[in-house]
Amino acid sequence: PWNDDNWDIRVLDPCCGSGIFLVKAFQRIIHRWRRANGRDPLVTDLRPILANNLVGVDKNEEAVRVACFSLYLAMADAIEPKHYVTRDNVKVFPRLRGIRLLPVDFFDEETNGIRTAEDKDSYDLVIGNAPWGDGSIRPERKPDEPKPDYDKRCAENPTKAQVWAKHYKWPVANNDVGPVFLGKAASLVAKQGRVAMVNTASLLYWRDGRAEELRKLLFSTFTFDEITNLSALRREMFSGAIGPACVVVFGKEVPKLDTSLYYFSPKAMRVALKSKRSMHAPQGFTVEPQDVNTLTHAEAADQSMVWPVMALGGKRDLDLIRRLGKLPSLASLETEHLVQTRMGIIPGNERKEVRELRNRRYFGAKQFPEGVLLQFNVSDIPVVDKIRVDAGHGIRELGAFKAPQLLIKASFSTKLNRFRAALVQNDDPEWGVVCKKTYLSVHDLSPDAAHIRAACVAYNSRFATYFLGLTSSRI
């Protein structure tokens, strides 16, 4: 915070890039120094701060050079020009590159200052914008490198981050290195210090086993002050961004499970335009009262649904979603062997024939035909002698293509502003239609098809848009 007099703090940026976070941290330290001392600083005041209080790490040597120059400019900006030359003939700027700004991998355990065990509790604040992305913890793939060769190379030559995660038993979800930075940062921050980093918001949404394990570890091991979900602002704040971001602030104290944390989900402000092509344009963002929620650490650790629901809704929505979650779903019906489901086929390179699907109707379109609402008559869909799929595509649960059948469009229809589903009508009493992977096929095992008839109505309703929109892991 600006309104503090404690300027003698140690700050680490484990992924400093060009140094913008370190520059801003340095400027705040200078502001605190002025408050504490009641005067403007001299070279002799700022040189030891720059030499001792800031540490940056980045694998890119050129980025480290830029960070070094940026910090020198920040120091020069804080000093009266007449003091640039010191009377004691000592250099104004301390040497940083290779000493305080390190061109190394943050997960290199042989570099002084960032060793997990030897340098634990060393920093009052760890800040930065960690790199992230699917597969980012693995070595970079070479151009035109076959996947089997790449997988073999990854297994034989893991990255330093992979070695660190394995050694310290840190869960890696989606092969994403972003959350791994949080693990090592937590080990280096002091007991009363804070980690404040930009990271992938996907760590809140992922649903696989490793992701569940990661969230449980984070929220049961560290005390979080707040999380700001920037998913709704990704394109407003980061031009061209695809992956959603969030900002996490936490300390290394073990939390009580009923301790609350703040969850902020700001939204973009939009203004109407006269152009027909673009009716609305972003105009900054706000944090409205409904964008501020609280969660307990127990909820954050164990209930994956709270993150998407509270990002777009509130406590009442969460209560309703929880009640609805207790009702029958396609997943629960399949567990009870009342329905059978599978995604459509993946044509891909079409190197493998599915013999069980010979002489079946094949619906290869990405959208339902015009005029289809709740029922889809497939009598005009052509019968195909052979259906071929990608060589790596597994063929299971083909019974899901049998009648009675329901097709559910896997993606949201922006044109109709809802999800789509249709009951298949066919002159074949045994089989329905084989579809592509853009659809989920559901076969009802009950003779009256009551389950898929109810599901068809539900998926086409506005209520489905509400429920699936709030619970989606792909915000």
Side-chain angles (χ1 to χ4, degrees), residues 132-159 162 172-177 202 206-211 240 242-243 330 334 339-369 372 376 378-403 405-414 419-422 424 426 428 430-443 472-474:
W132 73 79
D134 295 354
S136 55
I137 198 172
R138 308 179 80 192
E140 187 175 351
R141 190 171 179 177
K142 300 176 182 177
D144 302 322
E145 183 178 17
K147 188 175 185 305
D149 294 348
Y150 173 63
D151 292 337
K152 180 180 179 182
R153 182 164 62 86
C154 289
E156 294 176 349
N157 300 285
T159 61
Q162 287 176 302
V172 179
N174 220 36
N175 282 319
D176 196 322
V177 74
S202 295
W206 287 322
R207 300 280 173 84
D208 63 25
R210 297 295 280 172
I242 297 176
L330 288 178
E334 187 164 32
V339 299
Q340 193 174 1
T341 70
R342 68 155 288 150
M343 297 302 297
I345 65 169
I346 302 175
N349 55 32
E350 298 185 341
R351 293 182 180 177
K352 182 167 61 176
E353 181 194 351
V354 186
R355 295 184 178 181
E356 296 89 340
L357 297 180
R358 284 182 177 180
N359 300 313
R360 302 298 176 205
R361 297 189 187 279
Y362 176 56
F363 177 54
K366 294 183 178 180
Q367 303 290 340
F368 285 115
V372 170
F376 179 22
V378 299
S379 299
D380 295 332
I381 301 296
V383 174
V384 179
D385 294 339
K386 296 180 180 180
I387 292 181
R388 308 187 71 87
V389 299
D390 190 86
H393 181 32
I395 302 299
R396 298 180 303 167
E397 306 295 342
L398 296 178
F401 295 126
K402 290 186 175 183
Q405 180 187 22
L406 173 71
L407 292 187
I408 301 173
K409 186 74 171 66
S411 58
F412 182 74
S413 172
T414 54
F419 291 90
R420 295 293 316 279
V424 173
N426 192 8
D428 187 335
E430 182 181 3
W431 286 87
V433 66
V434 179
C435 58
K436 293 179 68 173
K437 63 177 181 179
T438 49
Y439 299 88
L440 174 72
S441 180
V442 185
H443 167 52
S472 173
S473 63
R474 304 186 58 152

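Computation of the quantities below employed the complete heavy-atom set of this structure, encompassing side-chain atoms and omitting hydrogens, waters and symmetry-equivalent molecules.
- Considering CZ of Arg153 and CD of Glu145, their distance stands at 4.0 Å, rounded to 0.5 Å.
- With sequence neighbours excluded, the residues forming a side chain to side chain contact (heavy atoms under 4.5 Å, CB included) with Lys436 are Pro347, Tyr362, Thr438, listed by chain and number.
- With a 4.5 Å cut-off on side-chain heavy atoms, Gln367 and Ser413 do not count as touching.
- Here Lys352 contributes atom NZ and Ile387 contributes atom CD1; the two are 14.0 Å apart, rounded to the nearest 0.5 Å.
- Residue Asn175 holds its CG atom at 8.0 Å from OG of Ser136, rounded to the nearest 0.5 Å.
- Panel note: side chain His443, backbone Lys402; a donor-acceptor pair is recorded below 3.5 Å.
- Taken to the nearest 0.5 Å, the NZ atom of Lys409 stands 10.5 Å off from the SG atom of Cys435.
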Please evaluate residues Ser441 and Leu407 with respect to the criterion side-chain contact (heavy atoms from CB on, under 4.5 Å), reporting the C-alpha separation (whole Å), side-chain torsions for both, the decisive distance (0.1 Å), and the verdict.
CA-CA 5 Å; Ser441 180; Leu407 292 187; 4.0 Å; yes
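- Here the shortest heavy-atom pairing between Ala173 and Asp208 reads CB-OD1, 4.5 Å.
- Side-chain contact check for Lys142 versus Asp149: every heavy-atom pair is 4.5 Å or farther apart.
- Counting heavy-atom neighbours within 6.0 Å of Arg351 CZ, excluding the residue itself, gives a total of 12 or less.
- Across all their heavy atoms, Val378 and Arg361 have their closest contact at O-CD, 3.3 Å.
- Legend: residues meeting side-chain hydrogen bond (donor to acceptor under 3.5 Å, both in side chains) with Arg360, ordered by chain and number and at least two apart, are absent.
- For Ala421, the side chain to side chain contact (heavy atoms under 4.5 Å, CB included) test picks out Leu406, Ile408, Tyr459, Asn460, with sequence neighbours left out.
- Contact between Ala422 and Phe376 at its shortest, heavy atoms only, is CB-CB, 3.9 Å.
- Not less than 6.0 angstrom separates the ring centroid of Phe401 from the ring centroid of Phe363.
- By the side chain to side chain contact (heavy atoms under 4.5 Å, CB included) test, Lys437 is found to be paired with Ile346, residues two or more places apart in sequence or in another chain being considered.
- Between Asn349 and Val389 the shortest heavy-atom distance is OD1-O, 4.0 Å.
- Between Arg138 and Asp151 there is a salt bridge, since a side-chain N of the basic residue sits under 4.0 Å from a carboxylate O of the acidic one.
- In terms of the salt bridge (Lys or Arg N to Asp or Glu O under 4.0 Å) criterion, Glu350 has no residue partners (sequence neighbours excluded).
- Atom CZ of Phe412 and atom OG of Ser472 lie 11.0 Å apart (nearest 0.5 Å).
- Other residues, nucleotides and ligands contribute more than 12 heavy atoms inside 6.0 Å of the CG atom of Asn359.
- Under the 3.5 Å distance criterion, the side-chain polar atoms of Asn426 are left unmatched by any main-chain donor or acceptor of Val433.
- Looking at residues two or more places apart in sequence or on another chain, you find a salt bridge (Lys or Arg N to Asp or Glu O under 4.0 Å) between Glu353 and Arg358.
- More than 12 heavy atoms of other residues, nucleotides or ligands sit less than 6.0 Å from atom CD of Glu430.
- Not one N or O on the side chain of Arg342 forms a donor-acceptor pair closer than 3.5 Å with the backbone of Leu398.
- Side-chain contact annotation: Thr341 with Glu397, donor-acceptor N/O pair under 3.5 Å absent.
- To the nearest 0.5 Å, atom NZ of residue Lys147 and atom CZ of residue Arg141 are 7.0 Å apart.
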